[in-house]
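Quick caveat: nothing in here was measured; it's all calculated off a predicted structure.
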Amino acid sequence: MIMDRRGYSQNQLARELDKGQGWVSDVINGKGGLEFAKVINILTRVGLEVVIRPKREKSDPVKRREFVAAAASVMFVPSPKTGPYQDPEYLRELAKRVAADRYQNGGSSGASPVMRHIRQIKSAVDSSDKRLQIAASGLAVEAIWTLSDAGRFDTGQKVGELALALAQRSQDADTQSRALSVLARVQQHRGDGGLAVKYAQQAIRLHDIPPQQQAWLRLRHGWSLSIVRGHEGEARHVLDHVGRFLGDSRDGDSQASRDTADLMGSVGSALYDLGEYRDAQAWLDEAVHSVGDSWPRLHGVFLARQISASLRAAQPEFAADRMLSLARVVPLVNSVRLNNNVKDVLAASHPWRAVPEVRSARAQLRSVWAGESAPA
């Protein structure tokens with residue numbers, strides 16, 4: 001997998017790993033590297049897992065981050081007693097890897113691989129193992145987010161129906177809420193605000209949902225209402241409620257988690273869709289600083305929305321500064337969503353092109369953008 005992602009020969013990979021080419025060949029053919037697999041299997045039996053984390057490197061950090069991201073995609077070894085897709089622990093690990101790859105690299109390159117996983121987990125609907133159904137639904141939910149980031153909303157809807165069916169068979173309320181939440185978001189992308197509201201309301205009626213997930217469900221409800229004509233006031237009220245939750249939950253917490261940062265940025269994006277540009281900019285600014293450069297896709301999406309909000313709030317110099325930051329993120333991510341966000345930024349900044357800073361920043365952003373047409 002590492003060789004495929006990086007385009008390495010066995011010799012090139014061996015040099016990266018400080019191993020001989022023969023060792024790489026033995027691992028590929030199942031003749032080497034077994035000690036590590038045995039350790040993983042032993043730890044799995046006592047509820048532990050091996051996590052590969054990026055090592056801090058001073059030289060060539062982009063190359064090293066990409067290489068380590070590929071290395072971290074090596075699959076978690078399932079229990080020898082069952083097939084991998086009948087092992088809940090394996091499916092949970094797959095879901096984590098799908099999510100991490102999307103946050104790091106974008107969803108476009110991951111869309112095809114996740115569909116292979118989906119074909120393998122369909123049979124879990126008829127299983128009597130509720131743990132398997134919960135894990136399979138969780139994997140399906142992460143697959144939907146990846147498909148949505150790749151712009152494949154119709155496919156995401158179909159996978160969402162599978163995720164919900166699995167969740168309902170499991171009878172686990174939190175799992176059902178997550179499937180309904182992502183279905184609501186898919187319908188927003190498809191422009192069906194009424195159905196998005198229906199999914200969100202169905203999720204809100206569930207009981208025993210953790211507070212953070214409740215906040216996400218309220219966000220989905222408010223954001224869905226924002227695209228239904230005549231419900232703008234109700235949408236703002238719901239989003240303000242989520243904002244108060246975020247304010248309370250962050251008291252004394254100097255570092256936001258990725259999920260909290262994602263929630264902050266989503267509140268900002270929802271306010272942007274309501275036309276509340278200054279409030280949107282404040283939430284997006286906090287999300288951008290919380291995410292930093294740890295999760296390039298999130299960083300890029302929130303930067304793009306913040307730029308558009310600041311332009312609509314008549315702050316072109318600030319927007320130009322953020323456009324330069326966005327130009328550094330775009331080459332790291334393969335995301336249809338981010339690509340569309342950049343197109344929006346270029347369109348929104350077109351009326352401000354007489355401002356020297358904006359003109360220069362637009363030129364840099366256009367030079368790295370993967371789109372075909374935008375105002376010059």
Side-chain angles (χ1 to χ4, degrees), residues 5-6 54 57-70 100-110 148-151 258 261-262 264-266 268-269 272 277-278 280-376:
R5 287 198 174 194
R6 298 298 301 148
E57 294 285 343
K58 293 182 179 179
S59 61
D60 204 356
V62 172
K63 178 183 176 184
R64 177 57 57 181
R65 182 173 63 246
E66 290 178 351
F67 174 78
V68 174
D101 187 59
R102 181 180 67 253
Y103 279 114
Q104 188 74 31
N105 305 310
S108 294
S109 59
S148 296
D149 196 61
R258 183 187 70 192
D262 194 355
M264 289 189 294
S266 296
S269 294
Y272 175 90
Y277 299 126
R278 290 191 178 274
Q281 187 180 353
W283 279 109
L284 288 162
D285 189 56
E286 191 165 356
V288 165
H289 282 96
S290 296
V291 171
D293 58 2
S294 300
W295 305 101
R297 177 192 154 274
L298 270 187
H299 193 202
V301 168
F302 294 153
L303 271 173
R305 296 311 297 269
Q306 186 187 26
I307 293 164
S308 294
S310 61
L311 288 167
R312 284 167 171 76
Q315 297 175 333
E317 291 82 6
F318 177 86
D321 178 73
R322 288 294 191 264
M323 287 167 71
L324 295 173
S325 298
L326 181 59
R328 290 190 287 270
V329 176
V330 170
L332 304 177
V333 182
N334 186 6
S335 164
V336 170
R337 180 184 176 188
L338 180 57
N339 200 42
N340 290 335
N341 288 155
V342 173
K343 182 179 180 180
D344 292 341
V345 166
L346 291 170
S349 60
H350 185 253
W352 297 94
R353 64 193 183 281
V355 178
E357 294 87 350
V358 173
R359 185 167 58 251
S360 175
R362 291 184 85 249
Q364 287 202 31
L365 189 55
R366 283 182 63 86
S367 71
V368 298
W369 181 55
E372 296 180 357
S373 62

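- To the nearest 0.5 Å, atoms CG (Asn334) and CZ (Arg297) are separated by 12.0 Å.
- Across all non-hydrogen atoms, the minimal contact from Val336 to Ser108 is N-OG, 3.3 Å.
- Remark: Tyr272 engages Tyr277 in a ring-ring contact (aromatic ring centres under 6.0 Å, His included) (not counting sequence neighbours).
- Under the side chain to side chain contact (heavy atoms under 4.5 Å, CB included) rule, Val342 has a single partner from Val301, Val329, Leu326, which is Leu326.
- Residues Ser269 and Leu284 come closest through the heavy atom pair OG-CD2, 4.0 Å.
- Nearest heavy-atom pair, Ala280 versus Gly268, reported as atom, atom and distance to 0.1 Å: CB-O, 3.2 Å.
- Minimum interatomic distance between Ala320 and Ala361 (heavy atoms only, all atoms of both residues): O-CB, 3.5 Å.
- Listed here is the closest heavy atom pair of Ser349 and Arg362: OG-NE, 2.7 Å.
- Rounded to the nearest 0.5 angstrom, Asn341 CG and Lys343 NZ are separated by 12.0 Å.
- Closest approach of Gln104 to Ser294, counting heavy atoms only: OE1-O, 3.3 Å.
- Between Leu346 and His350 the shortest side-chain heavy-atom distance does not fall below 4.5 Å.
- By the 4.5 Å heavy-atom criterion applied to side chains, Asp262 and Tyr103 are counted as neighbours.
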Side-chain donor-acceptor pairs under 3.5 Å in residues 303-311, sequence neighbours left out?
residue : atom : partner : partner atom : Å
Arg305  : NH2  : Asp273  : OD1          : 2.8
Gln306  : OE1  : Arg322  : NE           : 3.0
Gln306  : NE2  : Asp285  : OD1          : 2.8
Ser308  : OG   : Ala304  : O            : 3.3
Ser310  : OG   : Gln306  : O            : 3.2
Ser310  : OG   : Ile307  : O            : 2.8

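- For Ser335, the side-chain hydrogen bond (donor to acceptor under 3.5 Å, both in side chains) criterion is met by Asp149, not counting sequence neighbours.
- Interatomic distance, Trp352 CH2 to Glu317 CD, rounded to the nearest 0.5 Å: 8.0 Å.
- Remark: side-chain polar atoms of Arg278 are paired, donor with acceptor, to backbone N or O of Ala313 under 3.5 angstrom.
- Between the CG atom of Asp344 and the CG atom of Asn339 there is a distance of 10.0 Å, given to the nearest 0.5 Å.
- Few gaps surround CZ on Arg359; more than 12 heavy atoms of other groups in view lie less than 6.0 Å from it.
- Under the 3.5 Å distance criterion, the side-chain polar atoms of Arg366 are left unmatched by any main-chain donor or acceptor of Ala363.
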